[in-house]
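Only one structure is covered here, and it is reproduced in the block below.
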Amino acid sequence: MKIRVRFAPSPTGYLHIGGARTALFNWLFARHHGGTFILRIEDTDAARNSQEAVEVILDGLRWLGLHWDEGPLTGEATGPSHGDRGPYFQSQRRELYLRRVEALLSRGLAYEQDGAIKFRMRREPVVIHDLIVGEVVRRLTDREEQDPDFVILRSDGQPVFHLTNVVDDLEMGITHVIRGEDHLSNTAKHIALFEAFGVKPPHYAHIPLILNPDGSKMSKRDRGAAVHWYREEGYLPEALVNYLALLGWSPKDNREKLSVPELIDRFDLAQVLRHNARFDPEKLLWLQGEYMRELPRDRFYELAVQALHKAGLDTTRYPLNYVKAALDTCYGKVKTFRELPDYGGFYFREEVEYDPQAVAQHFVPDQAPRIRRLRDSLGRVGAFDAATLETALKSVAAELGVKPAVLVHPVRLACTGRTAGPSLYHLMEVLGRERVLDRLERALARPEWNA
RNA sequence: GACCCUAUCGUCUAGCGGUUAGGACACCACCCUUUCACGGUGGUAGCCCGGGUUCGAGUCCCGGUAGGGUCGCCA
């Protein structure tokens, strides 16, 4: 039997990080077994659905590289799709649901009450054989004891989640339902519906939830709850995928960094943990840094330029060689692209923006004559390359009887406005003699040196 | 209130009856060094509590506690 799994998000306007992991686990499971990964949009709640809300989900999944074999190609409910089990929007499947409701009605398994149709739920405990959680015996709660039946068709004629979810999984031939643990209790209802339709329910696998770092549940408003936030913050999708895969699952060999093919090869539902995991932004940032340091250079240039433009820095005003040389000095040094404008923005700004605190610390009277002397030296050196500049600075330092670091800090500040950044000698080489001397001159003209 | 799930360093995890309880992030110290990172070395830190079972329990069972989920004409 060919495995068929699905990710069935509701278009809420964003792709939740937990949803993304659910999608990832489904996708990894499908790819591992050579199965089919289906995307279905659960848009039965017309009030809060929009094409844009669906696009956000499609974009998020595409960015993460979780491509679906069947499902919509655009956010338009009546638009094109892949696969022969569609439509893949629940809003387009109304006839299917009504037919199923009729069937239940005709067999006395459902009945009308106050204009709504309710399903006759069994009162006996339901046994759920979950691939992750194990065997779960779900009994009725006290409220359900009063009335175990539940609405499957609202009085306004709209089908309800439990019904649509089951009908679609049935019609689409879903073999494994991999979803968040928040659905575990609902599963009893779903199994009862499958049985009412006379078919065996699919296999279930409920994965634990992702919590905030403080252990509270993640809601839409929490920072980092939405996948697109990571894209805007300059994260790499491969880092996020790697991190998400390791939340609640482990390859068990002490490896933290795994490529997508490795994840596909090793992923196994049975090894998924049963307890919730807290999202750790620090560890994600570390992994992100690991991926940044081995990013192909061209992709780094491309994403770096995008980040710079987003920050209002126009790289197109500079020669391509200059841009590349400048970015080369930043490669491997920033952990996210969000950090880049702050880290290397001085290359693309003619006016240096000084860090006031650093100015107070380094542009001091004692330093003025030293920096003037260094400026003179730099004006005379033959070649303006990193090696020559290093030699020149160190020899001036030696002549002055100070450590190189004494000169390094104010020069860096004069050239970049910051106390941290790319290698000083390389950055001066890229800036070039003219800009460096100009920046030193302008820095020396400031009043702080004489204060 | 009822029902269901869960419980190893601060966090993510390995462990599957006998281990000096391992790794990673974070943190601390030192080294490297033109800054910041990176890298290297070392370190602090953990089996929720109480009963059983067993020669022996982080590992199995029960109870408690704590956290999470569900019980909707939301999904």
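Small disclaimer: the values here were computed from a predicted structure and weren't measured. Every chain is numbered from 1 and lettered A, B, ... according to where its sequence line falls, protein lines coming before strand lines. All values below were derived from every heavy atom in this structure, side-chain atoms included, with hydrogens, water molecules and symmetry-related copies excluded.
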Check your understanding: Using purine N1 to pyrimidine N3 plus N6-O4 or O6-N4 for Watson-Crick, or N1-O2 and O6-N3 for G-U wobble, both under 3.5 Å, which nucleotide pairs with B:C47?
Key -> none
Phosphate contact ([N] OP1 or OP2) by [X] side-chain N/O below 4.0 Å:
{"X": "A:K333", "N": "B:C38", "result": "no"}
{"X": "A:R154", "N": "B:C74", "result": "yes"}
{"X": "A:R274", "N": "B:U6", "result": "yes"}
{"X": "A:R138", "N": "B:A2", "result": "no"}

I want to verify a distance call: between [options], whose nearest atom is closest to the [X] side chain?
{"X": "A:A116", "options": "B:U34, B:C73, B:C12", "value": "B:C73"}
{"X": "A:K217", "options": "B:U34, B:A14, B:G68", "value": "B:G68"}
{"X": "A:H426", "options": "B:C36, B:C3, B:U34", "value": "B:U34"}
{"X": "A:L424", "options": "B:U34, B:A75, B:G23", "value": "B:U34"}

Interatomic distance at [atom1], [N] relative to [M], whole Å:
{"N": "B:G15", "M": "B:A24", "atom1": "C1'", "result": "16 Å"}
{"N": "B:U19", "M": "B:G58", "atom1": "P", "result": "9 Å"}
{"N": "B:G43", "M": "B:A21", "atom1": "P", "result": "15 Å"}

Ignoring hydrogens and angles, answer whether the base of [N] and the side-chain atoms of [X] contain a donor-acceptor pair closer than 3.5 Å.
{"X": "A:N276", "N": "B:G68", "result": "no"}
{"X": "A:K283", "N": "B:A24", "result": "yes"}
{"X": "A:T419", "N": "B:U35", "result": "no"}
{"X": "A:S185", "N": "B:C71", "result": "no"}

Review point. How about A:Y235 and A:Y291: are their ring centres within less than 6.0 Å of each other?
Key: no
Exercise for review: Say whether A:R370 and A:Q367, considering side chains only, have a donor N or O and an acceptor N or O under 3.5 Å apart.
Suggested key: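 Short answer, yes.
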Review point. Which part of the nucleic acid does A:S250 contact within heavy-atom distance under 4.0 Å: base, sugar-phosphate only, or nothing?
Key: sugar-phosphate
Review point. Want to settle it: does A:P213 or A:W286 sit nearer the 5' end of RNA chain B, counting the closest nucleotide to each?
Key: A:P213
